[in-house]
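Side chains included, hydrogens not; waters and symmetry mates left out as well; all remaining heavy atoms used.
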Amino acid sequence: MLTQAILSAILLTSDKQKISYGHYEYGHKSVVIIAHGFFTSKESVLLKKLKDGLSDSYDIIMFDFRGHGRSSGLFSWTTYESHDLKAVIEHAKARYEIIGLIGFSLGAAISINVLPVTQGVDSFVAVSAPSDFDKIEYHFWKLNPEEDIFYNLGEGGKGKGIRPGPFWLKKQKPIEAVDKITVPVLYIHGDKDWVVGCNHSKKLYEKTAAKKKVAIIKNGTHAEYLMRKNAQEVIGLIKDWFIQTLRRH
């Protein structure tokens, strides 16, 4: 049985925001950073399920983007969150030589924008990544009753919430950054994603110049919700990808 040590602390970003993180140590030599999506946090039941599924092979760092969870500030809809992820990557680099990164939805978009300008990550998994914020399909009248409403009334509501900032700030488009990523990228997307259609991952995959793979989950939904009914498949894809690619290049 693995022995787990948890460090909960705060990182300060270059623009003076306080980013709350949890560092789960199992005695491994490599670490995986999990970057959550919109309206959730490191306390998400489903993201902790992913953490537990990877714990036999990797230490894990989970954190809250600004405006989420215990971090300070307001969420800027991907405009300034690059500072948050960069701070977490720098923290991981001080301890580990091998670093994997998993981003969900807007967390994946932020990751795609950060990777071309930040060293240290060796392999990346993008789950339900939007290619362009302005082309996200989600509208309030397209709510998924089971996952937007009923599941979140129970355990799914843990860690949910957001403190939103200005919506109109200029945003970098992942589709314009993805061809500059040099580390291997695995795209995972559900074909029943009601928030970000799987065509987004297909477009990102097509433009990716690095080693790449795309996996479309049959009947899969959005981002961390894939961990409800497709957890075994998703964890298997991530583990196989990291076995192949999580090393120095």
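You'll find the side chain of Leu237 reaches within 4.5 Å of the side chain of Ile217, heavy atoms only. Between Tyr187 and Val127 there is no side-chain heavy-atom pair separated by less than 4.5 Å. Under the 4.5 Å side-chain criterion, counting only non-hydrogen atoms from C-beta, Glu137 is not in contact with Val195. Residues Ser44 and Lys158 form no side-chain contact, since every pair of their non-hydrogen atoms from C-beta on lies 4.5 Å or further apart. Annotation: side chain of Arg163 is not in contact with side chain of Phe75 (no heavy-atom distance under 4.5 Å). At a threshold of 4.5 Å between non-hydrogen side-chain atoms, the residues Met62 and His23 do not count as touching. Side-chain contact between Asp193 and Cys198 is absent, with no heavy atoms from C-beta onward closer than 4.5 Å. Looking at heavy atoms from C-beta onward, Lys202 lies in side-chain contact with Ile216 at the 4.5 angstrom threshold.
Applying the side-chain contact (heavy atoms from CB on, under 4.5 Å) test between Val125 and each of Val234, Ile238, Val32 identifies Ile238 as the sole match. The side-chain contact (heavy atoms from CB on, under 4.5 Å) test with Ile33 singles out one residue from Asp59, Ile102, Ile99, and that residue is Ile99. Evaluated for a side-chain contact (heavy atoms from CB on, under 4.5 Å) with Asp122, the options Leu246, Leu101, Thr245, Val183 yield exactly one hit, Leu246. With respect to Trp77, the ring-ring contact (aromatic ring centres under 6.0 Å, His included) criterion is satisfied by exactly one of Phe38, Phe39, Trp168, Phe65: Phe38. Here the rule is side-chain contact (heavy atoms from CB on, under 4.5 Å) with Leu115, and of Val121, Ile110, Leu85, Thr182 only Val121 fits it.
The pair Lys239-Asp56 meets the salt-bridge criterion, with a side-chain N (NZ, NE, NH1 or NH2) lying under 4.0 Å from an Asp/Glu carboxylate O. Taking the charged nitrogens against the carboxylate oxygens, Lys93 and Glu90 do have a contact shorter than 4.0 Å, which makes a salt bridge. Between Glu233 and Arg228 there is no salt bridge, since no side-chain nitrogen of the basic residue lies less than 4.0 Å from a carboxylate oxygen of the acidic one. With respect to the salt-bridge test (charged N to carboxylate O, under 4.0 angstrom), the residues Asp132 and Lys173 qualify. Salt bridge status for Arg95 with Glu25: present, with a side-chain N to carboxylate O gap under 4.0 Å. Under the 4.0 Å criterion applied to side-chain N and carboxylate O atoms, Asp15 and Arg66 are assigned as salt-bridge partners.
Heavy atoms of other residues, nucleotides or ligands lying less than 6.0 angstrom from NZ of Lys192 number more than 12. Heavy atoms of other residues, nucleotides or ligands lying less than 6.0 angstrom from OH of Tyr24 number more than 12. No more than 12 heavy atoms of other residues, nucleotides or ligands lie within 6.0 Å of NZ in Lys18, so this atom counts as exposed by the packing criterion. Sparse packing is recorded around NZ of Lys213, with 12 or fewer heavy atoms of other residues, nucleotides or ligands lying under 6.0 Å away.
Counting only distance, with no hydrogens or angles, the side chain of Ser128 and the backbone of Ala223 share a donor-acceptor pair below 3.5 Å. The backbone N or O of Gln17 lies less than 3.5 Å from a partner atom in the side chain of Thr13, making a donor-acceptor pair. Judged purely by atom type and a 3.5 angstrom limit, Thr40 has no side-chain atom pairing as donor or acceptor with the backbone of Gly37. Side-chain atoms of Ser41 come within 3.5 Å of backbone N or O of Glu43 as a donor-acceptor pair. Formation of a donor-acceptor pair under 3.5 Å by the Lys171 side chain with backbone atoms of Leu169 is found in this model.
With values rounded to the nearest 0.5 angstrom, Trp241 atom CH2 is found 11.5 Å from Phe124 atom CZ. Asp191 contributes atom CG, which lies 10.0 Å from atom OG1 of Thr221 (distance to the nearest 0.5 angstrom). From Ile34, atom CD1 reaches atom CD1 of Ile60 across 5.0 Å, with rounding to the nearest 0.5 Å. Between the CG atom in Asp240 and the CD1 atom in Ile235 there is a gap of 12.0 Å [rounded to 0.5 Å]. If you take NE2 on His189 and CG on Asn199, they are separated by 7.5 Å, rounding to the nearest 0.5 Å. Note that NE2 of His36 and CG of Leu106 are 10.0 Å apart. Values are rounded to the nearest 0.5 Å.
With 3.5 Å as the limit, one finds a donor-acceptor pair spanning the side chains of Ser20 and Lys42.
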Val196/His222 under side chain to side chain contact (heavy atoms under 4.5 Å, CB included): CA gap, chis, key distance, verdict: CA-CA 7 Å; Val196 180; His222 180 65; 3.8 Å; yes

Residues Ile19, Asp64; criterion side chain to side chain contact (heavy atoms under 4.5 Å, CB included); working and verdict: CA-CA 6 Å; Ile19 301 303; Asp64 297 329; 5.7 Å; no

Full working for side chain to side chain contact (heavy atoms under 4.5 Å, CB included) between Val114 and Ile89: CA-CA 10 Å; Val114 164; Ile89 292 172; 4.2 Å; yes

Worked check of side chain to side chain contact (heavy atoms under 4.5 Å, CB included) between Lys29 and Glu97: CA-CA 8 Å; Lys29 295 182 178 180; Glu97 293 187 2; over 6 Å; no

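Proximity of the aromatic rings of Trp194 and Tyr225 is defined here by a centroid distance below 6.0 angstrom, and this criterion is met.
Taking the centre and axis of the six-membered ring of Tyr205, the NZ or CZ atom of Lys212 falls inside the cone set by 45° and 6.0 Å.
The aromatic rings of Tyr26 and His28 sit tilted relative to each other, their planes meeting at an angle between 30° and 60°.
Grouping the Ile, Leu, Val, Met, Phe, Trp and Tyr side chains by contacts below 4.5 angstrom, directly or via other members, places Ile243 apart from Ile188.
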